[in-house]
Trainee: 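First, the structure itself, so that you have it in front of you.
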2 protein chains.
Amino acid sequence: MQISSKFTIGVHLLAVIDYLGEDEKVTSSVLAGSIGVNPVIVRNVMGNLKEAGLISISQGRSGISLTKTPKQITFYDVYKAVDSVNDDGLFRFHENPNPECPIGRNIHKAMDSKLERVQKRMEDEMKQITLADVMTDIQSELKKN
Amino acid sequence: MQISSKFTIGVHLLAVIDYLGEDEKVTSSVLAGSIGVNPVIVRNVMGNLKEAGLISISQGRSGISLTKTPKQITFYDVYKAVDSVNDDGLFRFHENPNPECPIGRNIHKAMDSKLERVQKRMEDEMKQITLADVMTDIQSELKKN
DNA sequence: CCCGCCTGTAATATACCACATTACAGGCAA
DNA sequence: TTGCCTGTAATGTGGTATATTACAGGCGGG
């Protein structure tokens, strides 16, 4: 399994807005062109990011802009905004452990907190990485050429 | 998205073997009964765990046993054994970023190492949790009743 | 030594989810 | 008010997780 590409699409989208948001008109079609996916997918992700308060969108002939600085936007923010993981958690649990078996009856109690701990570790790491870090790396790549 | 339940099935399976492996004959049907899934699924997971050297299986009227102590078996071992995540990594990346766009051309270079870092954090945490920890919690639950 | 239980595995079915695509109603700016 | 753009519904499609049936092959016990 893998975490949906909506997450990387979201980060890509924010990077493009930051990169040319001031100068050029950014639309879902422009973004879709850079990302390489269907504009409708982009609009959905845009909607998620708007709800999360990361970008503002005005309709008509307007444009899209960040509502925070790249340094204030973390991977975790995007990850949460696009609903990367199910409410049930990162790990799917088999649904019908046998309550008449001593193990089956207690496996959930024994594992749930441990799995949450693992997921939390991952999410904490995502809070450490910002859009600014991505922009820095892109800029230094661009200077090479 | 979620990580396949093969992982929790694997842990459950090992717990049952540890719990009644010495006394009673453990077969894929017995395990399937406790876990609540089809015996074929159990056999597949059993195969994965055998390949990974976590259990030994003898055919005929035999049984299944752990090849290590519960303390030596970590969540990470099971997670790797059952191929919980794709070779491409935990995060799916949109496949066609536009090489003619400055962002599209460099987004992979800018993000890949960061995503690997996140994944590694999660996996490192899984290395800290063992089957023994699970058995301890199950035993203490059993004492309550 | 042979029988029966069990594993290994292929083939197939099904349900669900991610992503693509078309279509169109509604809003905002020029 | 006009034209582009967003928001969103409806539908299609391929991939994947799990279930299920079926059967060949191996090993232990009688």
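Predicted model only: the values in this text are computed from it and were never measured. Quick note on labels: first sequence line is chain A, next is B, and so on, each numbered from 1.
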Trainee: Let's see if you can work this out: which of D:dT6, D:dT20, C:dA20 has an atom nearest to the side-chain heavy atoms of B:Ile41?
Mentor: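 The nucleotide sitting nearest to the side chain is D:dT20.
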
Trainee: Between B:Ser4 and D:dT16, is there a contact of a side-chain N or O with OP1 or OP2 at under 4.0 Å?
Mentor: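 The answer is no; no side-chain N or O of B:Ser4 sits under 4.0 Å from OP1 or OP2.
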
Trainee: Would you tell me if any nitrogen or oxygen in the side chain of A:Thr27 comes within less than 4.0 Å of OP1 or OP2 on D:dC4?
Mentor: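 False: A:Thr27 side-chain N/O out of range (4.0 Å or more) of D:dC4 OP1/OP2.
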
Trainee: Indicate whether the side chain of B:Gln72 and that of B:Thr69 have a donor and an acceptor atom separated by less than 3.5 Å.
Mentor: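 Judged by distance alone, the side chains do pair up.
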
Trainee: Between B:Arg92 and B:Gly36, which is nearer to the 5' end of DNA chain D once each is assigned its nearest nucleotide?
Mentor: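 Nearest nucleotide further toward 5': that of B:Arg92.
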
Trainee: What is the distance, to the nearest angstrom, from the CD atom on B:Glu51 to the P atom on C:dT9?
Mentor: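 The answer, rounded to whole Å, is 8 Å.
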
Trainee: Classify the ring geometry between A:Phe7 and A:Tyr79 as parallel (under 30°), tilted (30 to 60°) or perpendicular (over 60°).
Mentor: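 Because their plane-to-plane angle is over 60°, the rings of A:Phe7 and A:Tyr79 count as perpendicular.
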
Trainee: Provide, to the nearest angstrom, the distance between the CD1 atom belonging to B:Ile64 and the P atom belonging to C:dG8.
Mentor: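 Spelled out: CD1 on B:Ile64 to P on C:dG8 is 8 Å.
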
Trainee: Indicate whether any N or O donor in one side chain lies under 3.5 Å from an N or O acceptor in the other, for A:Ser56 and A:Ser65.
Mentor: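 Looking only at side-chain atoms, A:Ser65 and A:Ser56 do form a donor-acceptor pair, the distance falling under 3.5 Å.
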
Trainee: NA contact type, B:Ser29, heavy-atom cut-off 4.0 Å: base, sugar-phosphate, or nothing?
Mentor: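 If one applies the 4.0 Å heavy-atom cut-off, B:Ser29 turns out to touch nothing in the nucleic acid.
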
Trainee: Between atom CD in B:Glu95 and atom P in D:dG14, what is the gap in whole Å?
Mentor: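 One finds 15 Å between P of D:dG14 and CD of B:Glu95, rounded.
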
Trainee: Report the distance from atom CZ of B:Arg43 to atom P of C:dG8, rounded to the nearest whole Å.
Mentor: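 In whole Å, C:dG8 P lies 9 Å from B:Arg43 CZ.
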
Trainee: So, is B:Lys50 near the phosphate of C:dT7, with a side-chain N or O under 4.0 Å from OP1 or OP2?
Mentor: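 So the side-chain polar atoms of B:Lys50 never come under 4.0 Å of the phosphate oxygens OP1 or OP2 of C:dT7.
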
Trainee: Any side-chain N or O of B:Lys25 below 4.0 angstrom from OP1/OP2 of C:dC5?
Mentor: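 The answer is no; no side-chain N or O of B:Lys25 sits under 4.0 Å from OP1 or OP2.
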
Trainee: When you measure from the side chain of A:Val40, which nucleotide among D:dT8, C:dA20, D:dT18 comes out closest?
Mentor: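 The answer is D:dT8, which lies nearest to the side chain.
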
Trainee: What's the CG-P distance between B:Asn44 and C:dT12, to the nearest Å?
Mentor: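 Taking CG of B:Asn44 and P of C:dT12, I get 17 Å after rounding.
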
Trainee: Is the shortest side-chain N to carboxylate O distance from B:Asp124 to B:Lys127 below 4.0 Å?
Mentor: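 A salt bridge is present here (some side-chain N lies under 4.0 Å from a carboxylate O).
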
Trainee: So which nucleotide from C:dT9, C:dA20, D:dG7 ends up closest to the side chain of A:Val37?
Mentor: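 Of the candidates, C:dA20 comes closest.
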
Trainee: Does a side-chain N or O from A:Asn38 land closer than 4.0 Å to OP1 or OP2 of C:dC19, or not?
Mentor: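 No.
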
Trainee: Just how far, in rounded Å, is C1' of D:dT16 from NZ of B:Lys6?
Mentor: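 After rounding, the reported distance stands at 11 Å.
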
Trainee: Roughly how many Å is it from NE2 in A:His94 to P in D:dA19, rounded to a whole number?
Mentor: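 One finds 11 Å between P of D:dA19 and NE2 of A:His94, rounded.
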
Trainee: Will you find, in the side chains of B:Ser140 and B:Asp137, an N or O donor that is under 3.5 Å from an N or O acceptor?
Mentor: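 No donor-acceptor contact under 3.5 Å links the two side chains.
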
Trainee: Does B:Ser28 place a side-chain N or O at less than 4.0 Å from the phosphate oxygens OP1/OP2 of C:dC6?
Mentor: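 Checking C:dC6 against B:Ser28, no side-chain N or O comes under 4.0 Å of OP1 or OP2.
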
Trainee: Please report, rounded to the nearest Å, how far the C1' atom of D:dA17 is from the CG atom of A:Asp88.
Mentor: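 Rounding to the nearest Å, CG of A:Asp88 and C1' of D:dA17 are 15 Å apart.
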
